[in-house]
A.B. asks: 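Have a look at this one.
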Amino acid sequence: MATFLYRIGRWAFRRRRLVGGLWLGVLVLAVGAAALAPAGEEEDLAMPGTESQKAFDLLDERFPQSNSQGAEARLVFQAPDGRRVTARENKAAVEDALGSLDAGAQVASATDPYTTGAVSKDGTIAYSTITYTADAVDLTASTKSALEHAASRARDAGLTVEIGGSALDAEEALGGTTEIIGVAVAAVVLVLALGSLVAAGLSLLTAFVGVAIAFGLVSALAAPLGLTSTVAILALMLGLAVGIDYALFITSRFRDERARGSEPEEAAGRAVGTAGSAVVFAGATVVIALVGLGVVGIPELTKMGMGGAGAVALAVLVALTLVPALFGFSGHRVLSRAVRKNLPQRSENLRQGSEIRRSGSEATRPGLGSRWAGFVLRRPVAVLMIAGLGLGAVALPALSLELGLPGDESKSVETTQRRAYDLLSEGFGPGFNGPLTVVVDMSESADTRATTDLVARTVRAVDGVASVGDPVLNRTEDTAVLTAVPKTAPNSGETKDLVHAIRDAVPGVEAATGAGILVTGTTALNIDISEAMSDALVPYLSVVIGLAVLLLTVVFRSVLVPVKAALGFLLSVGAAFGVLVAVFQWGWAADLIGIEQTGPVMSLMPILIIGIVFGLAMDYEVFLLTRMREAYVHGASPGEAIVSGFRHSGRVVAAAAIIMISVFTGFIGMNNPTIQTMGVGLAAAVAFDAFVVRMAIAPAVLALLGHRAWWLPRILNRVLPNVDIEGEALNRPPVPAHADESDAAVRRLPVGRD
C-alpha cells in the first residue's frame, strides 16, 4: 500500500495543476447540481418489519385518500385568565382567525373546534387542525405568513395563540455562531501545531473543498434519494472533522520529511506513502462502520450512514491527491521558519549520504509528548488505574440509558411549537400529544360493527387509556381506525408499557372475530424503533469490536495490541454514553447547551456514535502506534518505541483531537435535537478516546506488556498479508526530482537504505 500511495503522492505533486483543476471542476459541478436540484422532504422515521410499520403500510393501502394530505398545523387558542374560549367574543375571534385562512391557495381544510369537540373540559383551551395540499417543504412563504397572520389576529383580540404541527417545520439552517466558533478554534489549533499560516490554511482549504463537494452531492441527491437535512448536516460534520485531521496528518509528515532534507517531490511521496497509508486505513474503518449501519434496518439511519461514509471517502481522496498537489504550489512556505533556515544544510547532508543531524533544541530538549511518555513509563500502573477507573466512573450513568425519539416537547420553550404542545397537554392531558392508532383489519370478519365495538371496549378497559374515539371505516368497510389517548406523555415509560399492554390484550379479540389488530401511531412507532435500537446495540457493537481486532491485527501484526485497542474503545464509548445520560436524561449542565426538557436519549444515537467513534478511534491508534512499531522493528526497546511514537505523533494527534472536538462542539448550538445530541456524544467520545485511552491507557498497557505487546503467532505471521502501513518499502535513498520526469521513471522505486 505504501509504495502505491508513494507514487500517487509524487504524481499529484508533479501534476499539481491538473489535480487542482480536476478538483475545482468537481467542486463547481457539485455546487451547481445542488443549486439546481429541488429541496428534499423531511421524511418520518420508518422501521420495516415492526408492528407499527405494518399498520402504517396497511393504512396506506386501505386509506389511500389519506396520502393526498400534506402538511398539518394546529392553531391552539387559550382564553385569558378566568374566562372561557367559548365566550361569545372569544368564539368570534377564533372564527375570524380561521376564516382568514380560507383564501389560502394551499389550505385543504380547517376544522371548527366548536363543532368537532376540540375544546377542553374547563372551556379554556381549544384547537383547530389545518391541513394543506402540499408538504411542509413545499409550502410557500405566503401560506406560512397567512397562518402566522391568523394567529396574530386572535392574539390582538386578547387570546393566547400558538402554532403546532409540521407546517412550520423547516430544514436546519447552517452557519450558526457556534459552528463558526468551532472552525475558528480549529484554525487556531492548526496554526499553533504547524507554526505556519500557509500550512494551516492548506489543511483548512482542502477540508472545505471535500466538505463542499460532499454537501453539494447530498443536497443534489436529496429529492431523488429522500435524504433529509440531518443527513446533510452529518456529512458536513464528519467531512469537516476528518478532512482537517487527514490533511494535518499528511502535512505534518511532509514537513518532517522536508526537515530531514528530502526534496519536495520526494517528501510529498513519502508523506502520502506513510501518513497517507494510515489515512486510508482510518478512513476505511469509518466508512465500513457507517455503511454497516444499514444492517439495523432503519432507512433513515442507513441514509445517514451512507451520507457520512461518502463525506469521509471524499476527505480521504482529497487528502491523498489535493494535499500533495498544494504542497507544490506552497513551496517552502508550508514549513516553519526554523526549518526553512536549516533546510539547505540538511539537504546537503542527505545528498552526501551522511547521517542527518537534529538541531540542538531537538536533541537536548524533549517535547511535551516525549516527557509525557517518559512519565507514563515510570508509573504505568498508577496511570492505568487512574485513567481506567476515571472512565469507568464517567460511564456509570450509561447503565440508566433510556432510548426514545424527541418530539415538540424537546424543543425550546421559545418556539411556538413547544408552547402549543404545552397548551394541549394542559387542556387535554399529557397523552393527547401522543395518541395511539389502533388499526383493525376486518377483511376476514363476519360482523364489522360487532368487531369494532369489541375492540373499542377491550382497548378502553386497558389501564392507562384515557379515552378511545369512535371507529372510522374506509370506503369498503374492511378496515377501521380507532384513536386511543394515553393518560401519560408520549416519551414516558408508562406509555411504553401501555402499548405493550394493548398488544397483549387484543389476541383474544382476534381469535373471536377473525380480525387483525395492530397498534401504531407516531408514539408506538417511536417505541418500536427504540426497542429495535436497544436490541441491535450489542450485536452491532460486537461486529465493530471484531472488525477492529481483525484490522489492527493485520496492520500491527500483533495479537495483544488489537485487544487493548478494542477494550479502550469500549471504555471511551461507555464514557460517552454516560455523558449523554447525565446531560440529556438527568439534566446535568443542560442549561449550558440550551436543553430545557430532559428525557430519553435519541434512540439512533448509541449505534450512530459507535459507528463514527470506532473509525475515529482507529485514527489515533494508527497514527500513534505506527511510529511506535516503526521504531520497535528497527531495534528500539519497547520503552524507546513508546517515546518515539509520542515524540513524532503525540503533538499531531492531540491537535487533531482538539480540532475534531471543536468541530463537533460547534454543532451543539443547533436547535435540531438529533444534531445536538450527536455533537455532545461525539465531542465527549473523541475527548475520552484521544486524551485518556490513546495517550494514557495505551502507553501504560504497552509499557507493562513490553516485548509481548508485539508478539504474533507464527501461523498468523505466515497467513496475514503485509500491508506495510509504516512505509518500510520506502526506507531507501530518495530519487532526485530531475530523475523522475517521466511516468515510467516514477514506477521504479529506489533501492538501498537510508
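Everything numeric here is computed off the predicted structure, so don't read it as measured data.
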A.B. asks: Where the side chain of Q417 meets the backbone of G165, is there a donor-acceptor pair that is under 3.5 Å apart?
C.D. replies: no
A.B. asks: Could you state the interatomic distance from NZ (K54) to CG (D57), rounded to the nearest 0.5 Å?
C.D. replies: 10.0 Å
A.B. asks: Looking only at heavy atoms, what is the nearest atom pair of L482 and T452, with distance?
C.D. replies: CD2-O, 4.3 Å
A.B. asks: Does T520 use its side chain to pair, donor to acceptor, with the backbone of S52 at less than 3.5 Å?
C.D. replies: yes
A.B. asks: So, do T50 and L525 sit near enough that their side-chain heavy atoms are less than 4.5 Å apart?
C.D. replies: yes
A.B. asks: Which is it for T124 and F77 under the side chain to side chain contact (heavy atoms under 4.5 Å, CB included) test, yes or no, and what are the steps along the way?
C.D. replies: CA-CA 8 Å; T124 60; F77 306 91; over 6 Å; no
A.B. asks: Looking at M660 and A241, what are the two nearest heavy atoms and their distance?
C.D. replies: CG-CB, 3.7 Å
A.B. asks: With T116, which residues qualify under side-chain contact (heavy atoms from CB on, under 4.5 Å), at least two apart?
C.D. replies: T111, A118
A.B. asks: Can S145 and S142 be counted as having a side-chain donor-acceptor contact under 3.5 angstrom?
C.D. replies: no
A.B. asks: Using 4.0 Å as the upper bound for N to carboxylate O, is an ion pair formed by R503 and D528?
C.D. replies: yes
A.B. asks: Enumerate the residue pairs fulfilling salt bridge (Lys or Arg N to Asp or Glu O under 4.0 Å) with a member in residues 209-230, sequence neighbours excluded, ordered by first and then second residue.
C.D. replies: none
A.B. asks: Calculate, to the nearest 0.5 Å, the distance between atoms CD1 and CG belonging to I517 and D441 respectively.
C.D. replies: 10.0 Å
A.B. asks: Please identify each residue that fulfils ring-ring contact (aromatic ring centres under 6.0 Å, His included) with F432, with sequence neighbours left out.
C.D. replies: Y127, F428
A.B. asks: Passes side chain to side chain contact (heavy atoms under 4.5 Å, CB included), F664 versus V680? Steps please.
C.D. replies: CA-CA 7 Å; F664 290 151; V680 172; over 6 Å; no
A.B. asks: In the structure I gave you, are the side-chain heavy atoms of V468 and T483 within less than 4.5 Å of one another anywhere?
C.D. replies: no
A.B. asks: Measuring from I244:CD1 to L205:CG, what's the distance to the nearest 0.5 Å?
C.D. replies: 11.0 Å
A.B. asks: Would you confirm whether T523, through its side chain, and G434, through its main-chain N or O, come within 3.5 Å as a donor-acceptor pair?
C.D. replies: yes
A.B. asks: What verdict does the side chain to side chain contact (heavy atoms under 4.5 Å, CB included) test give for V601 and E402, after you've listed the backbone C-alpha separation in whole Å, the side-chain angles of each residue and the deciding distance to 0.1 Å?
C.D. replies: CA-CA 6 Å; V601 174; E402 297 179 5; over 6 Å; no
A.B. asks: Okay, side chain of T416, backbone of I163: is any donor-acceptor separation there less than 3.5 Å?
C.D. replies: yes
A.B. asks: Kindly write out the residues that satisfy side-chain contact (heavy atoms from CB on, under 4.5 Å) with F208, not counting sequence neighbours, or none if the list is empty.
C.D. replies: V183, L204, L240
A.B. asks: Who passes side-chain contact (heavy atoms from CB on, under 4.5 Å) against E426, sequence neighbours left out?
C.D. replies: Q78, I125, L423
A.B. asks: Test of understanding: with salt bridge (Lys or Arg N to Asp or Glu O under 4.0 Å), list the residues that count as partners of R155, not counting sequence neighbours.
C.D. replies: none
A.B. asks: So V506 and V438, do their side chains get closer than 4.5 Å, heavy atoms only?
C.D. replies: no
A.B. asks: Out of curiosity, M304 CE to I233 CD1, how far, rounded to the nearest 0.5 Å?
C.D. replies: 9.5 Å
A.B. asks: With a 4.5 Å heavy-atom cut-off, do K144 and H149 have their side chains touching?
C.D. replies: no
A.B. asks: R84: which residues meet the salt bridge (Lys or Arg N to Asp or Glu O under 4.0 Å) condition with it, sequence neighbours left out?
C.D. replies: none
A.B. asks: For Y421, give me all partners under ring-ring contact (aromatic ring centres under 6.0 Å, His included), at least two apart in sequence or on another chain.
C.D. replies: none
A.B. asks: State, with a plain yes or no, whether a side-chain heavy atom of L580 is found less than 4.5 Å away from one of M602.
C.D. replies: no
A.B. asks: Nearest 0.5 Å please: distance from the CG atom of L301 over to the CE atom of M605.
C.D. replies: 8.5 Å
A.B. asks: Could I get the full list of salt bridge (Lys or Arg N to Asp or Glu O under 4.0 Å) partners for D156, not counting sequence neighbours?
C.D. replies: none
A.B. asks: Are the side chains of L401 and P606 in contact, using a 4.5 Å heavy-atom criterion?
C.D. replies: yes
A.B. asks: Taking side-chain contact (heavy atoms from CB on, under 4.5 Å) as the test, write out the residues that go with A157, two or more places apart.
C.D. replies: A93
A.B. asks: Could you pull out the closest heavy-atom pair between A167 and L139, with the gap in Å?
C.D. replies: O-CD1, 3.7 Å
A.B. asks: Over all heavy atoms of both residues, which pair between L290 and G308 is shortest? Give the atoms and the distance, please.
C.D. replies: CD1-C, 3.6 Å
A.B. asks: Determine whether a donor-acceptor pair (N or O, by modelled atom type, separation under 3.5 Å) exists between the side chain of D422 and the backbone of L424.
C.D. replies: no
A.B. asks: Indicate yes or no for a side-chain donor-acceptor contact from T495 to the backbone of A489 under 3.5 Å, with no hydrogens or angles considered.
C.D. replies: yes
A.B. asks: Which heavy atom in S534 sits nearest to a heavy atom in L403, and how many Å separate them?
C.D. replies: OG-CD1, 3.2 Å
A.B. asks: Side chain to side chain donor-acceptor pair (under 3.5 Å) for T451 and T448? Distances and angles first, verdict last.
C.D. replies: CA-CA 5 Å; T451 298; T448 58; over 6 Å; no
A.B. asks: Taking it one step at a time, do S128 and R74 satisfy side chain to side chain contact (heavy atoms under 4.5 Å, CB included)?
C.D. replies: CA-CA 6 Å; S128 170; R74 272 182 176 166; over 6 Å; no
A.B. asks: Of all residues at least two apart in sequence or in a different chain, which pass the salt bridge (Lys or Arg N to Asp or Glu O under 4.0 Å) check with D478?
C.D. replies: R62
A.B. asks: Hey, are the side chains of K91 and V85 touching, using non-hydrogen atoms and a 4.5 Å cut-off?
C.D. replies: no
A.B. asks: Which pair of heavy atoms, one from V459 and one from V465, lies closest together, and at what distance?
C.D. replies: O-CG2, 3.4 Å
A.B. asks: About how many Å separate CG of L234 and CZ of F215, when rounded to the nearest 0.5 Å?
C.D. replies: 11.5 Å
A.B. asks: Using the side chain to side chain donor-acceptor pair (under 3.5 Å) criterion, which residues pair with N90? Sequence neighbours excluded.
C.D. replies: none
A.B. asks: Under the side chain to side chain contact (heavy atoms under 4.5 Å, CB included) test against V481, which residue among L59, V440, L473 passes?
C.D. replies: L59
A.B. asks: The test is side chain to side chain donor-acceptor pair (under 3.5 Å); show your working for Q106 and T133 and say whether it passes.
C.D. replies: CA-CA 5 Å; Q106 293 180 300; T133 58; 5.3 Å; no
A.B. asks: Keeping T488 on the side-chain end and S492 on the backbone end, is there a donor-acceptor pair under 3.5 Å?
C.D. replies: no
A.B. asks: Using modelled atom types and a 3.5 Å cut-off, is there a donor and acceptor pairing between side-chain atoms of N474 and backbone atoms of T479?
C.D. replies: yes
A.B. asks: How about V291 and M306: do any of their side-chain heavy atoms sit closer than 4.5 Å?
C.D. replies: yes
A.B. asks: Go through N433 and S425 one step at a time and tell me if the side chain to side chain donor-acceptor pair (under 3.5 Å) criterion holds.
C.D. replies: CA-CA 7 Å; N433 286 293; S425 296; 2.8 Å; yes
